[in-house]
Amino acid sequence: MTSALLNRPLLACLMASAALLAPLVPLASPALAQAQRSFSANDLPDVLLLGEVDPALRKAQAIVNGDIITDTDIDQRLFLVLAANGGKVDDAERQRLRLQIIRNLIDEKLQMQEAAENDIRIAEAEVQRSFDRIAQNFKRTPAAFDAFLHDGGSSSNSLKGQIRAELAWSRVLRRKVEPLVNVGDDEVQQVIDKLNAAKGKDEYHVGEIFLSATPETIDAVMDDAARIVGQIRGGASFVAYARQFSEASSAGLGGDLGWVRAGQLNEAVAPAVASLQPGQITDAIPVTGGVAIMSMLERRQVLAADPTLALLSLKQITIPLKAETTEEQARAKVADIQALTRTMGGCGGAEALAQKIGGDVATNDAIRMKDLPAPLQTILGKLSIGEATPAFGSAEDGLRVLVLCGRDDSQIEGKAPNFDEIYAQMNDERVNMRARRYLRDLRRDAIVDYR
């Protein structure tokens with residue numbers, strides 16, 4: 001407002017000056033025509049610039065209730081997504097990401113404005129702690145992570161802005177929404193009774209991406225969600241997309257919902273989740289109020305021992321490959337090794353077999369099943385003591401075979417349902433639903449000027 005008031009007298013002075021000069025130099029003046037001549041670059045004197053020329057000029061792309069979103073804000077936020085995905089985004093998807101980021105930045109402005117309206121301020125130290133944790137996830141110090149963001153075209157301020165908005169919105173919900181949400185003890189007990197009755201059935205560690213939609217926008221949102229699914233299945237980060245685009249309360253955690261049972265999931269997504277294996281995601285699924293994408297992180301059985309906690313005793317036979325080995329020769333070698341491991345006589349014969357085929361043996365008597373790559377977990381979970389996996393490896397690392405020498409299954413049963421945990425989950429679900437309505441109302445009442 002102040003700058004606009006300051007500009008009016010200046011504009012008035014410029015207009016007045018033009019009016020005063022106009023009668024003095026008629027456009028058809030012969031004297032003026034005679035004075036006009038062409039010039040070349042050599043006629044220009046050395047130029048001393050009295051102002052700075054900024055090639056990265058920050059241009060407004062949207063103004064949200066008076067707060068500006070610049071193209072620089074959008075580009076820097078875009079880099080955060082690209083960094084998490086290793087840059088694996090084509091030009092068409094990059095443009096779609098920009099549009100989604102604009103919508104996200106508008107929501108952040110609305111959330112920050114609502115926080116300010118309720119006199120909520122986030123301390124810089126709190127933002128910095130969250131920034132430091134994210135840097136640690138990238139295996140960098142805060143200073144190195146700051147440099148990494150700067151070198152890639154983003155900035156720590158961009159990420160901190162997102163963190164600040166998430167924290168502020170969380171405080172708004174805690175103050176204005178949570179007091180309106182009620183979860184009865186009897187409701188929690190009903191869920192606990194169902195879980196106890198489901199002992200031995202599957203439960204899932206899942207992630208979610210939720211995109212809100214109305215009946216008028218559902219088709220477009222489904223298309224956006226399908227593109228996100230395609231990007232994630234192509235190698236992009238589910239966590240990065242959840243953090244940037246999900247409208248669920250779990251977005252700040254990268255979409256992580258923790259461990260849930262089928263009965264706790266929305267009826268629309270439960271069958272699709274049940275069919276997933278760890279590392280897989282669902283297609284876009286229409287749900288009440290929008291569209292969901294679910295990912296399977298882990299699965300186990302309710303109140304049963306966790307097979308991924310089994311302690312394994314393994315022997316690894318490593319067989320080097322010559323540099324000139326062809327793929328056909330390697331496949332033949334794999335077949336020979338597999339035939340030999342079937343008749344080697346269990347773990348006791350591993351050393352003799354390794355000596356026979358020019359390999360060596362390493363032993364690990366205490367490795368958790370869950371610490372192994374998922375494909376090996378699947379194979380080892382089906383092996384009996386003394387059996388070996390098929391050969392695996394590469395031309396550089398050679399071929400490897402794991403021989404299962406022992407397995408101590410976890411004797412710890414799955415944790416019984418906890419009243420406070422169930423209560424918190426039900427409370428979060430209801431707060432999340434009210435939060436979406438809250439943000440929808442803020443969007444409806446906002447004045448947004450797109451440039």
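All values below were derived from every heavy atom in this structure, side-chain atoms included, with hydrogens, water molecules and symmetry-related copies excluded.
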Residues I101, F245; criterion side chain to side chain contact (heavy atoms under 4.5 Å, CB included); working and verdict:
CA-CA 8 Å; I101 286 169; F245 302 134; 4.2 Å; yes

Whether the side chain of Q61 engages the backbone of I69 through a donor-acceptor N/O pair (distance < 3.5 Å, no angle test) should be reported.
no

Donor-acceptor pair, R175 side chain versus N118 backbone, under 3.5 Å?
yes

Rounded to the nearest 0.5 Å, the NE2 atom of H205 sits from the CZ atom of R299 at a distance of 14.0 Å

salt_bridge(E124, R164) N-O dist < 4.0 Å:
yes

Tell me, with the steps shown, if T214 and T217 meet side chain to side chain donor-acceptor pair (under 3.5 Å).
CA-CA 5 Å; T214 64; T217 63; 3.2 Å; yes

Ion pair present between D441 and R444, side-chain N to carboxylate O less than 4.0 angstrom?
yes

Does one side chain, of D132 or Q136, offer a donor that lies under 3.5 Å from an acceptor on the other?
no

Is any side-chain N of the basic residue among K109 and D73 closer than 4.0 Å to the acidic one's carboxylate O?
no

Are the side chain of R443 and the backbone of I106 linked by a donor-acceptor contact shorter than 3.5 Å?
no

Is S246 reaching over with its side chain to a backbone N or O of F210, donor-acceptor style, under 3.5 angstrom?
yes

Applying the side chain to side chain donor-acceptor pair (under 3.5 Å) criterion to Q189, which one of D185, D186, D193 satisfies it?
D193

With the threshold set at 4.0 Å, does a side-chain nitrogen-carboxylate oxygen contact exist between E117 and K176?
no

Between E166 and R243, does any side-chain N to carboxylate O distance fall below 4.0 Å?
yes

Set of side chain to side chain donor-acceptor pair (under 3.5 Å) partners for T378, sequence neighbours left out
none

Determine yes or no for a side-chain-to-main-chain donor-acceptor pair under 3.5 angstrom, with R430 supplying the side chain and N182 the backbone.
yes

Taking S158's backbone N and O only, do any of them form a donor-acceptor pair with S155's side chain (distance below 3.5 Å, no angle check)?
yes

Contacts under 3.5 angstrom, residues 281-294 side chains, donor-acceptor by atom type, not counting sequence neighbours:
{"residue": "T282", "atom": "OG1", "partner": "M294", "partner atom": "N", "Å": "3.0"}
{"residue": "D283", "atom": "OD1", "partner": "R233", "partner atom": "NH1", "Å": "2.8"}
{"residue": "D283", "atom": "OD1", "partner": "R233", "partner atom": "NH2", "Å": "3.0"}

Short side-chain to backbone donor-acceptor contact, E247 and S212, under 3.5 Å:
yes

Give a yes or no on whether the backbone of G258 and the side-chain of Q425 come within a donor-acceptor separation of less than 3.5 Å.
no

Could you tell me whether a side-chain N or O of N427 sits under 3.5 Å from a main-chain N or O of V183, the two making a donor and an acceptor?
no

Partner residues of S154 under the side chain to side chain donor-acceptor pair (under 3.5 Å) criterion, sequence neighbours left out:
none

Could you go through N104 and Q100, starting from their C-alpha distance and side-chain angles, then the distance that decides it, and tell me whether this counts as side chain to side chain donor-acceptor pair (under 3.5 Å)?
CA-CA 6 Å; N104 293 348; Q100 181 62 51; 3.0 Å; yes

